[in-house]
Amino acid sequence: MNWKRYFWPAVGLAAVAFSIWILLHELRGISLDDVWDSLMAISSTHWALSALSAVVAYAALAGYDHIALLHIGKRVSWLFVTLCSFTTYALSHNIGGSVFSGAVIRYRAYVTKGLSGQEVGVLVAVCWFTFVLSTITVGAIVLILVPGLLDRFSDLGLREFSGLTGMLMLVPVIAYVFCSWLNLRPLRIGSLQIHYPRLPIVARQLIIGPLELFAAGAIIYFALPEAGNPGYLVVLGVFLVSFSVAQISHAPGGLGVLEVVFLMGLPDMEAVDVLAALLVFRLFYLIVPLIISLGVVLLFERAQLRRNDN
């Protein structure tokens, strides 16, 4: 039995169990009726805005794959790429270990369009790097504009270091753009050539990636009440921290982890309102996409079976 195969799933489940234990402690005294009342208090306009934000977020996620395919010089139909990206992220966000699970799903899909294993590997790496680059960029901007963000998670008094931290985070982003402008030669690893992204690719990464994060954070922002709401930038910053911790934890769907970190980041708001907003996020960003993606997978596999039979 290969223990490595079970290590990260075990870590994810442990993170879920620990987070739920903390969450139960934080939410003691809150009933399901309280949560339902908070959900019902969200106006229809804000429900619609949260849903629209989720659509924008997944449209931007599809842009990750389009950028990667443009980088490796492969042409695949726009509809196929969009459906593949949507299915990949909908499943991997819920399964956990998004890089690994996403790689398996993408490989299964893109080899049917003539991509080699190496090309799919490069595609997955570009998508992952686009997410990391976007998280660093948006995180740096939020730290510069919201100096007190880190103080929501620590008592160390980091306000005076917030702007400096944000500017330091922008250094590798600027260096990445500068190296692209230099048009560096490809890196050769055996028979594999790794090409540095051209400036048009980098520009797309720095537009589409942050757009996805802005939209994902907006899902929660629109679902929060006005009372005690610290504003969009703070909510976005807390979302970046919570979503990053959830990704690192490998917890399926960030279950429990997302909620615990968000409650830490929004201590001035009613816990039941924060929980309700996160339920809206899970509905539009995780559950509905998961249901749709399962249908897409079934249709895809059915089409592949028919093709093999012929």
Side-chain angles (χ1 to χ4, degrees), residues 5 8-9 55-135 180 186-198 200-209 211-212 216 247 250 252-253 285-286 288-310:
R5 182 183 305 175
W8 288 117
V55 172
V56 173
Y58 270 93
L61 284 173
Y64 283 30
D65 284 55
H66 287 285
I67 290 171
L69 287 167
L70 188 62
H71 173 65
I72 62 179
K74 289 292 182 178
R75 287 182 172 272
V76 181
S77 72
W78 178 88
L79 179 60
F80 184 90
V81 174
T82 301
L83 288 175
C84 177
S85 174
F86 173 81
T87 303
T88 296
Y89 285 109
L91 292 175
S92 61
H93 283 162
N94 283 276
I95 294 172
S98 58
V99 175
F100 307 106
S101 55
V104 173
I105 299 167
R106 283 191 173 97
Y107 180 81
R108 173 64 179 138
Y110 283 120
V111 292
T112 65
K113 295 300 180 180
L115 271 70
S116 66
Q118 282 187 347
E119 289 170 335
V120 174
V122 173
L123 183 146
V124 171
V126 171
C127 290
W128 174 80
F129 186 77
T130 300
F131 169 74
V132 173
L133 179 70
S134 304
T135 302
S180 177
L187 175 65
R188 294 179 180 272
I189 304 177
S191 60
L192 177 64
Q193 283 191 2
I194 300 177
H195 293 265
Y196 205 95
R198 304 185 308 276
I201 301 293
V202 174
R204 286 176 171 84
Q205 288 178 305
L206 292 175
I207 293 173
I208 293 175
L211 176 62
E212 190 275 325
Q247 291 285 311
H250 288 270
Y285 196 78
L286 297 176
V288 171
L290 175 62
I291 295 171
I292 297 173
S293 67
L294 291 176
V296 173
V297 169
L298 290 175
L299 291 174
F300 173 79
E301 294 298 340
R302 182 181 179 184
Q304 292 303 116
L305 284 173
R306 286 182 174 179
R307 182 175 298 177
N308 292 335
D309 291 339
N310 294 334

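Note that the coordinates shown come from a computational prediction; the quantities given were computed from them, not determined experimentally. The basis for the numbers below is simple: all heavy atoms, side chains too, and nothing from hydrogens, waters or symmetry mates.
Between S116 and Y110 there is no side-chain heavy-atom pair separated by less than 4.5 Å. Between Q205 and V126, the closest side-chain pair of non-hydrogen atoms falls below 4.5 Å. A 4.5 Å side-chain heavy-atom check between V76 and L115 finds at least one atom pair inside the cut-off. Two residues are said to be in side-chain contact when any heavy atoms from C-beta on lie closer than 4.5 Å; L123 and K74 fail this criterion. Using a 4.5 Å heavy-atom threshold, the side chains of L69 and R75 count as separate. Annotation: side chain of D65 is in contact with side chain of Y89 (closest heavy-atom distance under 4.5 Å). Within the 4.5 Å cutoff, the side chain of T112 has heavy atoms near those of the F80 side chain.
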Validation: residues 288-300 side-chain donor-acceptor distances under 3.5 Å, sequence neighbours left out:
| from | atom 1 | to | atom 2 | distance (Å) |
| --- | --- | --- | --- | --- |
| S293 | OG | P289 | O | 3.1 |
| S293 | OG | L290 | O | 2.7 |

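Taking both residues in full, the closest heavy atoms of V111 and Y107 are given as CG2-O, 3.0 Å, listed atom of the first, atom of the second, then distance. L70 approaches R198 most closely through the heavy-atom pair O-NH2, 4.4 Å. Scanning all heavy atoms of the two residues, the minimum distance from Y196 to S180 falls at CE2-N, 3.3 Å. What you find for P197 and I201 is that their closest heavy atoms are CB-CG2, 4.0 Å. Closest approach of C84 to A109, counting heavy atoms only: SG-CB, 3.6 Å. Across all their heavy atoms, A62 and V81 have their closest contact at O-CG1, 4.4 Å.
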Next on the checklist: side-chain contact (heavy atoms from CB on, under 4.5 Å) for W128 and L133? Distances and angles first, verdict last.
Outcome noted: CA-CA 9 Å; W128 174 80; L133 179 70; over 6 Å; no
Next on the checklist: Test side-chain contact (heavy atoms from CB on, under 4.5 Å) on R204 and T130; report intermediate values, then the result.
Outcome noted: CA-CA 9 Å; R204 286 176 171 84; T130 300; over 6 Å; no
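In this structure, R106 fails the cation-pi test against Y64, since its NZ or CZ atom is not both closer than 6.0 Å to the six-membered ring centre and inside 45 degrees of the ring normal.
Remark: F86 engages Y58 in a ring pair (Phe, Tyr, Trp, His ring centres under 6.0 Å) (not counting sequence neighbours).
Atom-to-atom distance recorded for T135:OG1 and E212:CD is 8.0 Å, nearest 0.5 angstrom. Atom CD1 of residue I67 and atom CD1 of residue I208 lie 4.0 Å apart, to the nearest 0.5 angstrom. To the nearest 0.5 Å, atoms CG (L91) and CG (L286) are separated by 11.5 Å.
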